[in-house]
Each structure stands twice: as C-alpha cells, then as structure tokens.
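To keep things clear, I will list the structure first and then write my remarks on it.
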Amino acid sequence: MSEQELKALRLRIDSLDEKVLELISERARCAQEVARVKMASLAEGEVPVFYRPEREAQVLKRVMERNKGPLGNEEMARLFREIMSSCLALEQPLKVAYLGPEGTFTQAAAMKHFGHAVISKPMAAIDEVFREVAAGAVNFGVVPVENSTEGAVNHTLDSFLEHDMVICGEVELRIHHHLLVGENTKTDSISRIYSHAQSLAQCRKWLDAHYPNVERIAVSSNAEAAKRVKGEWNSAAIAGDMAAGLYGLTRLAEKIEDRPDNSTRFLMIGNQEVPPTGDDKTSIIVSMSNRPGALHELLVPFHENGIDLTRIETRPSRSGKWTYVFFIDFAGHHRDPLVKSVLEQISQEAVALKVLGSYPKAVL
Ligand SMILES: O=C(O)C(=O)C[C@]1(C(=O)O)C=C[C@@H](O)C=C1
C-alpha cells in the first residue's frame with residue numbers, strides 16, 4: 001500500500017469519526033431528554049427509575065439483528081453496551097457492588113452487563129453484596145451463581161434465603177484461568193498455589209498433572225490470590241486476565257482450566273421489577289413438604305404447560321433437619337398468563353413459593 005493510499009484512508013476515517021462523534025452526542029442528548037420525561041411523569045412521592053434492563057436488552061438485540069459486519073454481532077453489541085452505559089450515566093450514574101476485590105471475574109461480569117460508566121464497589125463476600133443492596137447503599141449487586149464445571153455457588157443461593165432481593169439480570173462469562181507469578185518467581189521455586197476454592201477445583205486435573213506436590217491454598221477470591229503472590233517469590237496464583245493485568249503478574253501457563261467451555265453465570269440483584277421483553281427467564285424458590293412424590297408434583301405443571309426448565313438446585317432449608325428448598329429457573333416471565341397459572345398450581349402444593357424475579361435472558 002502506498003503512502004498516498006494510507007493517507008487517503010485515514011482522512012476518510014477522520015471524517016467518519018466526526019460523524020460517529022456527532023451521532024453519539026445526539027444520542028446522549030436524547031437520553032438526557034428521556035431522563036427529563038421520566039422525571040416529569042412521576043407521581044407524587046414516586047422515585048424515578050432511569051435504568052431499564054428490558055429496554056437495554058431490546059437495544060442490544062436490535063443492534064445484533066441489524067449488524068451486517070464486518071464487525072461480529074457480539075463485538076458490535078459490546079460497543080453499543082458502552083455507549084448506553086455512558087448515556088445512562090448522564091441520566092443517573094449507577095452504583096454497583098460486586099464480589100471483589102478488584103480484578104475478580106465478578107467485576108468483569110459487572111462491566112459486561114452494565115458497561116464501564118458505573119460507580120463500582122468491591123465487597124469482601126457474597127453476603128456483603130446482598131447487604132449493600134438491601135441497605136440501599138448501591139443500586140445493584142453482582143454475584144456468581146453457577147459454574148459449568150463446578151455447579152452451584154452455594155453462598156449465593158443461601159443468601160437469597162436470608163434477603164429479600166429481586167433478580168433483574170443475568171450474564172455469562174467464559175472463564176479462562178492462568179498460572180500467574182511475580183517477576184522474581186521461577187517455575188521450580190513454586191511451593192504454594194493460591195486461588196479461590198472453585199478455581200482450584202476447575203483446574204484440578206491440570207494441577208495434578210503439573211504440580212502434584214505443591215500445596216494448594218484456598219483464599220477468598222482469585223484476585224486476592226493474585227494480590228498475595230505479587231510480593232512472594234515462591235508462590236503462584238490461579239486467576240484471570242483482569243487480575244493478571246491489575247497486579248502486573250506474568251503468565252507461566254495460560255488457559256489451564258480442565259474444561260475448555262468453563263463458564264460462570266452471574267446474577268444482577270436489586271429491588272427493581274423488570275417488565276417482560278418476550279425472551280425472559282424467571283427464578284423461584286420453592287419449599288415442599290417432606291413427603292414422597294413432592295418433587296414430582298412440583299415439576300409436573302412445568303412439563304404439562306411446556307415450560308422449559310433451565311435449572312434446578314436443592315439446598316437445605318435451614319428451618320429444619322433434612323428439609324430442602326428448590327431453586328428453579330425457567331423460560332418465561334411471571335406476568336405471562338401461562339407462567340402465572342403454573343405458579344398458582346405450584347403454590348397450592350408448596351409450603352412456600354417466592355418469585356426471585358423475571359429478567360431478560362443474557363444478550364451478550
Ligand atoms: O430508554 C430509556 O429508558 C433510556 O433511559 C435510554 C437508555 C439508552 O441509552 O438507550 C439508557 C438507559 C436505560 O437503561 C435504557 C436505555
């Protein structure tokens with residue numbers, strides 16, 4: 001390519017950028033107008049709701065449907081995700097608590113869902129995220145709920161039993177783990193490997209094959225593990241890209257998770273009900289009396305009404321020995337007539353039924 005050609009193309013890019021810039025600014029002014037309309041239509045004493053997850057899902061889906069390339073759908077949606085995040089911040093900057101410290105996969109999930117224009121607050125434990133939301137110190141919280149290799153995150157499920165929370169969104173993240181060390185650490189000097197218990201479990205086979213005799217130490221998060229090894233010459237951490245970058249660590253081995261499709265699902269929790277989008281999920285907690293056939297009775301209405309169950313999890317109820325609660329996720333919104341009728345049927349048989357929330361299926 002000649003210098004001349006390159007110069008011409010760059011001039012074209014400059015002129016396109018000017019147009020993109022003007023259009024983004026026009027969109028942002030439009031969002032400011034939306035905020036004004038939302039404020040003007042409030043009833044006496046009503047609190048304005050600026051963040052609209054159902055609308056955001058619609059915007060992102062529309063972008064993906066209309067995208068003609070060459071950028072991929074996900075790439076394009078990620079760009080719009082950030083534009084919308086900044087537009088919302090003009091209306092009201094969202095405060096989001098997540099399972100920290102900085103650099104965790106939960107932080108990456110929060111950014112994937114809300115974009116980067118939020119005020120984010122790392123919390124030391126899952127329960128603290130719930131408490132922060134309940135106290136009204138933040139608008140939303142982000143917590144991990146299940147991993148495709150290791151299953152349920154029990155702390156999260158148990159926290160739903162203790163707090164009244166509305167689930168208003170979900171996001172899935174591919175989890176790639178790396179073996180990370182500080183700059184003075186050599187492969188043969190490693191005597192300890194730190195990580196979160198779930199991450200150690202997700203890399204068990206790799207660790208058995210490569211570091212069978214090295215002590216594995218579970219800490220509160222993999223970002224915490226990364227933080228620790230920064231100053232230690234004889235230890236390594238298992239953590240992801242964000243933590244590696246944040247603590248300036250070197251990757252001794254990359255993508256060491258045992259399953260290449262290793263993914264984690266995260267939930268957005270708050271106190272805002274989300275209207276239907278036509279492609280939603282609902283999460284409920286049900287407790288049944290401890291008798292034969294109870295689980296069968298619970299599942300029959302779903303089957304008979306053709307409702308797709310996406311997940312069922314059992315946890316001790318904490319209100320009696322050997323009694324259980326079921327966490328169930330299924331396709332549909334609790335305002336859909338069919339779902340309503342199924343929930344009514346279940347509540348006739350159940351000891352207790354609680355709808356944790358209906359929310360748009362993850363778009364990104
Ligand atoms: O449509 C709205 O209600 C808006 O506030 C606008 C907008 C957007 O930028 O498109 C911004 C924030 C909301 O969460 C949803 C969408």
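For the single chain, residues carry numbers from 1 onward in sequence order. Start at 1 and go down the list; that is how both ligands and their atoms are numbered.
- At a heavy-atom distance under 4.0 Å, atoms from both the backbone and the side chain of R52 approach ligand 1.
- Here the two rings, on H155 and F160, have centers that are 6.0 Å apart or farther.
- Side chains of H176 and E257: a donor-acceptor N/O pair is present below 3.5 angstrom, by distance only.
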May I have the step-by-step check of salt bridge (charged side-chain N to carboxylate O under 4.0 Å, His left out) for E26 and R29, ending in yes or no? CA-CA 5 Å; E26 196 178 327; R29 284 191 289 274; 5.2 Å; no
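- At the top of the distance list for atom 14 (O) of ligand 1, counting protein heavy atoms only, stands E56 OE2, 2.6 Å.
- For ligand 1 and C87, the ligand atoms under 4.0 Å from any heavy atom of the residue are 9 (O).
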Applying salt bridge (charged side-chain N to carboxylate O under 4.0 Å, His left out), run through D158 and R315 and close with a yes or a no. CA-CA 8 Å; D158 292 345; R315 291 292 298 153; 2.7 Å; yes
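- Among protein heavy atoms, the minimum distance from atom 8 (C) of ligand 1 is reached at M84 CG, 3.3 Å.
- Residue contact check: V34 has heavy atoms under 4.0 Å from atoms 2 (C), 3 (O), 4 (C), 5 (O) of ligand 1.
- If you number the atoms of ligand 1 from 1 as listed, the ones under 4.0 Å from a heavy atom of F50 come out as 5 (O), 13 (C), 14 (O).
- Within the listing of ligand 1, atoms 14 (O) sit less than 4.0 angstrom from a heavy atom of Y51.
- Looking at Q92, R55, E91 and measuring to atom 6 (C) of ligand 1, the nearest heavy atom belongs to E91.
- When the heavy-atom distances from atom 2 (C) of ligand 1 to Q58, E54, K38 are ranked, the shortest goes to K38.
- The N/O atoms of R27, backbone and side chain alike, include one that comes under 3.5 Å of an N/O atom in ligand 1.
- Under the side chain to side chain contact (heavy atoms under 4.5 Å, CB included) test applied with L267, the options V142, V145, V153 reduce to a single match, V145.
- Looking at N262 and T149, their side chains do bring a donor and an acceptor atom within 3.5 Å of each other.
- Shown in contact with L88 at under 4.0 Å from a heavy atom are these atoms of ligand 1, numbered in order with element: 12 (C).
- Counting heavy atoms of neighbouring residues, nucleotides and ligands inside a 6.0 Å radius, atom CD of Q4 does not exceed 12 of them.
- Among the candidates R27, Q32, E82, the single residue satisfying the side chain to side chain contact (heavy atoms under 4.5 Å, CB included) test with C87 is R27.
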